[in-house]
Each structure stands twice: as C-alpha cells, then as structure tokens.
Amino acid sequence: MLSILNNCYEKFVETYQREPDGIAFCPYRISPLGAHIDHQGGIVNGMAIDKGIHMAYGRKNNGVVEVQSLNFPNRVQFHVRDVQDEKVGDWADYLRGVAKLLSEDYPLKYGVCGVIEGSLPIGGLSSSAAVTICFMQALCIVNNIELEADEFIKYAKRTENEYVGVNCGILDQSCEVLCEKDSLLYLDCESGEYEQIRQPDNMPDYEIAIFFSGLERSLANSKYNLRVDECKASAYYLMAQAGLEYDKLSNTRLRQVPKDVYIKYRDQLPEVFCKRTDHFFSEIRRARDGAKAWREGDLVKYGKLMFESGLSSIKLYECGCPELISLYWIMRETPGIYGGRFSGAGFKGCCMALIDPQYKDEIERTVRDAYMKEYPMLEGKYSSYYCHSADGVMAIQKGRL
Ligand code: GLA
C-alpha cells in the first residue's frame, strides 16, 4: 500500500512541482456470498480489502479536472461543469460520469488534478466502483462537499447504470464505502439495511487470497446486463402467472416474487429462467446461512457455502469463463482453502478464497502449478495476492501525509 502511495505522491510532485492537498484511498471489495443477486434486491455478504485505488490530488481553481493514471496511458482532461453526455469507452468514463451526476445536485466550483493508481490487476475486485469513489472523494473535498455514505453509494452506482451502461446493483459501492476492518458486511439490497458482523474471538485466523486468471475484463462487454434481464423476465413471468400486480420491467426484481410463488410456478419457467431464479433463491439462503456461520466463527461452514455459491454461479447463473472455472475446481482440491468462488461478476478477472495462513506457501504453489499446467500460455499473466479486510473509502489530507 505504501509503495503505491509513494508512486502517486512522487508523480504528483514531479508533475505539479508541489505537494498534493491529500491522498484519497478506496479499497477493492470481495463478495464471498451473494453473487449476482444485488441487482435483484437480494442479500449479500461483502468485505473491503487492504488493496485498492490511491489518488494524490490537488485543487484546480479553473474548474478543470486533469487526472493521469499510472495504469493506463493518456491523461484525462475535462471541465467539471461541462462533461460530455456520451461516454468515451475508456477508464476515465467513471470520472466523467460521476462529475456529471454530482454537478447536477451540487455546485462544483473547483476542478481537481491528480495521479491515480490501482494496486492489483483489473477484474473481479470492482476497480470501477473504486476509481469512481476515490475520485468522488477528492472532488468533494476540494469543493467542500460532505456526502453521506448513502450518497457516495448512490452516485457511484448511477455512474455505472446511467453513464457507463452497466446495470449493476449496490454491492460494490456499498462494500467500498461501508465496510469495516475485521467485519463482514451483511446487506439487504432491497431495503438498504445492513449490519457489520464483527468476527468473533473464536474465529480461526484467515487471509483473503486472490488468484488472477490472467484475463482482465470490463463488464460493459460481458453478458452481465443480459443476465440481469433474464432475472427480470423471470420475475415478470412468475408474478404474471400468480396474478400478482407488477410494475414496469425496469422496476421489477426477483426479490418481489414471494417464495411460495416461486415454488408453485418454478416448473413452468423456461429452463434458462428457471436456472437464474434457482440461483437467486439459493444464493439468498447461502448469504443468510453464511452470516450465521460467520457470527459463530465457523469458517469451515462458511467456506463450504462459498464453494456451493461458486458452483451455483457456474451451473445455474452460467457466468464463468473456462479459466476461472478451472481455478474454481483447483481451489476445491487445494488443502488449506476454506472456500472460494469467482470474485465479483466472474466473466473474467479473478477468483477469491478464504484461506488458512498456515498453508499459504503450499496453496500458492499448488494453485499456480495446477493452473499453469492447464493454461501454460498464461504464464507471466497469472498472479496471486494475499490480503486482509479493511475499512471503506478514506482520505488523508495535507499536513498528515
Ligand atoms: C459486479 C457488479 C455487482 C454485482 C457483482 C456480482 O461486481 O458490479 O453489482 O452484481 O458483479 O455479484
């Protein structure tokens, strides 16, 4: 974390010949249970991790936003009160989108200059929400705007939905804003209610392992939105069959379908809709059971639920790719791994696992060897990381750097 902070900091000083006004940090997130059900009003478990996006930033009095990324070429530049309506299709769309949405509700007098850097490869850890929230934090600080946590979440989600065009739910943004170190976030995405479940004293030590497939991804070109539509179509069908009132399709979610209606009409659903719906209802149960296991400090049970969740994503939600599916099966066979699954959407990117730290070296070797045997062409692209839970978004201001 510190070396990345130094990279941004040093690049800022080199570029602007002055110290930054501050450093904003937004963590990445993992979601061990509750995959692909946030957009349907489901229940999710999440954690922020101690790796993420840093931005060394400074105020710009002329209203210009000027940010360079240490991960991507090209410096982005736009005026904070004159953002183009259409996305460009690059990483900076998240900056443009959130500045545009924020300026509709708040007077943005100042722009921001900065250097931004992510600490891990892209895919599965929600770097898109992290870059949005990190930048939003800096932009708000220089403009003296104090946002509540729910506003951070709302603007970041709207950036994805309305500007970038990904119909995601609130999982990523909520984890990256609300999470607390050593706690599991238990979030009901329908009501917005949440609880931080502290890990009990009897819970054995664990670490979070990230196994990167070597394939980076963007959700914009995946089947993410298609799956969301399939879930909505299924909810429509079930409610119509049961003679229930329903709203516009865009406002319809599987959570609105009573469980007895699902059980009664499930067999009438087209097979593909039935699979998505089975995933939804079983994943909600796993997220609830997982919270109970976590409260009890039972990592073995929690891990078992994660493996079941991973299988449901493969078989019922059908969202893996061959490389991630192979990593999933390797994790299942590796001693010392409590449980694991695709991290995030799972179209490309990484798998995550909760591991027993005593087995770390062995896990590192076993997973790498088995994966490289299946995908030798990904040598040099595959990578793995070990991290811990962390607090949500934060900023350190000048004088405390
Ligand atoms: C992506 C989306 C989230 C969520 C996950 C899958 O990260 O942005 O809203 O749907 O996939 O659980």
Side-chain angles (χ1 to χ4, degrees), residues 26-49 52-53 93-94 97-98 118 120 122-133 152-179 185-190 192 194 210 216-232 253-255 276 279-280 282-284 286-287 290 305-306 308-314 316-321 324 328 340-352:
C26 184
Y28 298 132
R29 67 93 191 87
I30 54 157
S31 175
L33 291 171
H36 285 286
I37 58 172
D38 61 336
H39 49 72
Q40 297 305 306
I43 292 174
V44 298
N45 293 185
M47 263 191 258
I49 60 173
I53 309 243
D93 278 338
Y94 300 99
V98 77
L120 295 181
I122 292 166
L125 299 171
S126 195
S127 53
S128 53
V131 86
T132 311
I133 293 167
F152 267 106
I153 295 168
K154 179 185 80 181
Y155 285 115
K157 177 178 180 284
R158 284 184 59 203
T159 300
E160 295 264 9
N161 296 166
E162 296 169 31
Y163 199 78
V164 178
V166 174
N167 297 330
C168 64
I170 57 169
L171 166 77
D172 306 341
Q173 301 78 7
S174 305
C175 290
E176 292 174 357
V177 171
L178 300 172
C179 276
L185 179 73
Y186 180 74
L187 169 71
D188 184 328
C189 300
E190 186 71 2
Y194 66 90
I210 308 291
E216 296 201 330
R217 70 98 179 90
S218 133
L219 275 189
N221 301 316
S222 72
K223 287 191 175 159
Y224 187 89
N225 285 352
L226 182 70
R227 291 285 178 275
V228 174
D229 288 347
E230 288 166 349
C231 291
K232 284 176 181 287
R253 295 174 295 283
L254 276 169
R255 189 71 185 277
R276 311 302 181 241
H279 172 76
F280 176 82
S282 62
E283 193 68 1
I284 282 214
R286 284 186 286 271
L305 289 164
M306 286 171 71
E308 284 171 17
S309 162
L311 197 59
S312 181
S313 288
I314 296 170
L316 300 177
Y317 206 77
E318 297 179 293
C319 66
C321 64
L324 282 183
Y328 168 81
R341 51 156 296 113
F342 308 152
S343 179
F347 290 105
K348 287 186 183 165
C350 62
C351 282
M352 54 85 36

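In what follows, every heavy atom counts, from backbone to side chain, and hydrogens, waters and symmetry copies are set aside. Every number for a ligand or one of its atoms is a count from 1 in the order of the listing.
Heavy-atom separations between S31 and ligand 1 are all 4.0 Å or longer. For the pair A35 and ligand 1, a heavy-atom separation below 4.0 Å is found. Heavy atoms of Q40 come nearer than 4.0 angstrom to ligand 1 in no pair at all.
Take E190 and apply the side-chain hydrogen bond (donor to acceptor under 3.5 Å, both in side chains) test, not counting sequence neighbours, and it matches R253. When the ring-ring contact (aromatic ring centres under 6.0 Å, His included) test is applied to Y155, no partner is found at least two apart in sequence or on another chain.
Considering both main-chain and side-chain atoms, G169 comes within under 3.5 Å of ligand 1 through a nitrogen or oxygen pair. In terms of polar-atom proximity, defined here as any N/O pair under 3.5 Å, D172 does make such a contact with ligand 1.
Side chain of N161 to backbone of V166: a donor-acceptor contact under 3.5 angstrom is found. Listed for the R341 side chain is a donor-acceptor partner under 3.5 Å among the backbone atoms of S309. Under a 3.5 Å cut-off, the side chain of S343 and the backbone N or O of G124 do form a donor-acceptor pair.
Nearest to atom 9 (O) of ligand 1 by heavy-atom distance, out of I37, V44, L171, D38, is D38.
Under 4.0 angstrom from ligand 1, there are no non-hydrogen atoms of Q173.
Classified by interplanar angle (parallel below 30°, tilted 30° to 60°, perpendicular above 60°), the ring pair F347/Y224 is perpendicular.
Using a 4.0 Å cut-off between a side-chain N of Lys or Arg and a carboxylate O of Asp or Glu, E160 and K157 do not qualify as a salt bridge.
Remark: ligand 1 atoms within the under-4.0 Å shell around heavy atoms of R29 are 7 (O). Interface atoms of ligand 1 facing Y224, defined by a heavy-atom separation under 4.0 Å, are 1 (C), 2 (C), 3 (C), 4 (C), 9 (O), 10 (O), 11 (O).
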